[in-house]
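Structure first, commentary second.
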Amino acid sequence: MKVKLFVSLGIAAGLLILSVAAMANMADMPEDNVSSESIVASGAAVATGITEIMEEQQVISKEEATQEPYKSKIGSMDWSEEESYLLAKIAMAEAESEDTEGKALVMLVVLNRVWNDEFPDTIEEVIYQSGQFSPIANGRFDKVEPDADCWAALDLIMLDKWDESMGATYFESKSESTWHSEHLKFLFQHGNHYFYMDKE
């Protein structure tokens, strides 16, 4: 949305600059070649172009405004104390250097998987599913303990019902691997993590 607006404004600014340049050229021309009608016509053309761009932008804005906001796919916040600990622990293992929302997004990927038919049905099974989370494979998960920010991230989800995951079921830190970008639908970046979901 912001990119479209900047492009539109850039086009409008370009038209305005061209108009000013054209008028400046006309001012340098002999009087016989310049008429007030030609200057007015040039200004009117620019004004029309700018108006059309702004009207088109308003239509785009209305269309985007009618799109339904993302609704969390997580059906319940009813999990055990042990499962809460596992969520905080995977956030610490995967996103220790990320901000509170970055840690919450890692937890939300786990929860989105729990509520997705393509993955196991419990938090523990999702986290320990073979080949899914690198801290499980390399032993980091067993060594870390959640810090205060991990618990704040869990509160953000459980108490504030915060979910800006867009349904993400995968994430990665950028590396030489291209598997995620080639096989999945990219959703967004947050901090050093890139979030994806299965292609439809």
Side-chain angles (χ1 to χ4, degrees), residues 1-3 64-200:
M1 173 63 186
K2 289 182 180 177
V3 173
E64 292 185 351
T66 58
Q67 292 178 357
E68 288 199 16
Y70 170 71
K71 293 180 181 178
S72 179
K73 293 177 170 56
I74 299 166
S76 170
M77 296 288 173
D78 183 22
W79 52 74
S80 70
E81 185 176 339
E82 182 182 351
E83 289 173 317
S84 292
Y85 175 69
L86 290 175
L87 286 172
K89 198 171 172 70
I90 194 66
M92 187 67 176
E94 288 279 15
E96 181 177 4
S97 62
E98 299 294 314
D99 62 11
T100 307
E101 291 185 355
K103 292 179 174 70
L105 285 168
V106 168
M107 297 180 193
L108 287 166
V109 165
V110 172
L111 295 172
N112 284 336
R113 288 187 175 198
V114 170
W115 291 94
N116 185 308
D117 293 339
E118 302 301 317
F119 296 93
D121 296 331
T122 70
I123 291 170
E124 182 176 5
E125 289 174 333
V126 164
I127 290 174
Y128 282 104
Q129 186 178 13
S130 179
Q132 297 302 303
F133 295 99
S134 58
I136 300 295
N138 64 28
R140 174 171 165 76
F141 182 81
D142 295 324
K143 297 174 184 176
V144 300
E145 284 297 324
D147 62 9
D149 200 35
C150 291
W151 294 111
L154 188 61
D155 284 345
L156 190 63
I157 296 169
M158 294 185 71
L159 303 180
D160 298 340
K161 303 298 186 285
W162 184 87
D163 184 355
E164 293 186 13
S165 68
M166 302 302 295
T169 46
Y170 299 86
F171 66 92
E172 66 164 342
S173 297
K174 272 303 179 187
S175 65
E176 293 182 0
S177 171
T178 59
W179 185 89
H180 287 80
S181 59
E182 290 177 355
H183 293 87
L184 303 171
K185 177 183 176 182
F186 173 72
L187 296 174
F188 63 93
Q189 178 184 357
H190 184 96
N192 294 316
H193 283 154
Y194 298 77
F195 291 84
Y196 302 83
M197 68 189 307
D198 285 310
K199 293 181 179 179
E200 295 178 357

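FYI, the numbering just counts along the sequence from 1.
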So, the side chain of Lys103 versus the backbone of Glu96: is there a donor-acceptor pair under 3.5 Å, distance only?
yes
For residues Asn112 and Ile74, determine if any side-chain heavy atom of one lies less than 4.5 Å from a side-chain heavy atom of the other.
yes
Indicate yes or no: at least one non-hydrogen side-chain atom of Met166 is less than 4.5 angstrom from one of Phe188.
yes
Do other residues, nucleotides or ligands put more than 12 heavy atoms under 6.0 Å from Asn192 CG?
no
So Tyr128 and Phe141, would you call those rings parallel, tilted or perpendicular, with 30° and 60° as cut-offs?
perpendicular
Indicate the ring-plane relationship of Phe133 and Phe171, choosing parallel, tilted or perpendicular according to the 30° and 60° boundaries.
tilted
What pairs meet the ring-ring contact (aromatic ring centres under 6.0 Å, His included) rule with one or both residues in residues 91-127, with sequence neighbours excluded?
Phe119-Tyr170
Apply side-chain contact (heavy atoms from CB on, under 4.5 Å) to the pair His190 and Glu164, showing each step before the final yes or no.
CA-CA 10 Å; His190 184 96; Glu164 293 186 13; over 6 Å; no
Would you confirm whether Thr178, through its side chain, and Ser181, through its main-chain N or O, come within 3.5 Å as a donor-acceptor pair?
no
Examine distances only and state if a side-chain atom of Arg140 and a backbone atom of Ser134 form a donor-acceptor pair shorter than 3.5 Å.
no
Side chain to side chain, Leu156 and Glu101, heavy atoms closer than 4.5 Å:
yes
Could you check whether any side-chain heavy atom of Thr169 comes within less than 4.5 Å of a side-chain heavy atom of Leu184, counting everything from C-beta outward?
no
Minimum heavy-atom separation for Trp162 to Ala104, with atom names?
CZ3-CB, 3.7 Å
Taking all non-hydrogen atoms of both residues, which atom of Met77 and which atom of Met158 are closest, and how far apart?
O-CE, 3.9 Å
Is there side-chain contact between Met107 and Leu154, with heavy atoms separated by less than 4.5 Å?
yes
Closest heavy-atom contact between Asp99 and Asp149?
C-OD2, 3.8 Å
Looking at Lys185, I'd like to know if its NZ atom is crowded, meaning that more than 12 non-hydrogen atoms belonging to other residues, nucleotides or ligands lie closer than 6.0 Å.
no
Distance-minimising heavy-atom pair for Glu94 and His193:
O-CE1, 3.3 Å
Residues Glu172, Lys174: salt bridge by 4.0 Å N-O rule
yes
Judged by atom type as modelled, is there a donor-acceptor pair below 3.5 Å linking the side chain of Gln189 to the main-chain atoms of Gly191?
yes
Looking at CD1 of Ile136 and CD1 of Ile90, how far apart are the two atoms once the value is rounded to the nearest 0.5 Å?
5.0 Å
How about Lys143: does its NZ atom have over 12 heavy atoms from other parts shown lying under 6.0 Å from it?
no
Sequence neighbours excluded - ring-ring contact (aromatic ring centres under 6.0 Å, His included) pairs with any residue from residues 73-99
none
Using every non-hydrogen atom in the two residues, find where Ser165 and Leu108 come nearest and quote the distance to one decimal.
CB-CB, 3.9 Å
So for atom CE, which belongs to Met197, do other residues, nucleotides or ligands contribute more than 12 heavy atoms lying within a distance under 6.0 Å?
yes
Contact check, side chains of Ile123 and Leu111, non-hydrogen atoms, under 4.5 Å
yes
So with a 6.0 Å cut-off around CG of Asp142, is the heavy-atom count from everything else above 12?
yes
Got more than 12 heavy atoms from elsewhere within 6.0 Å of CD, Glu182?
yes
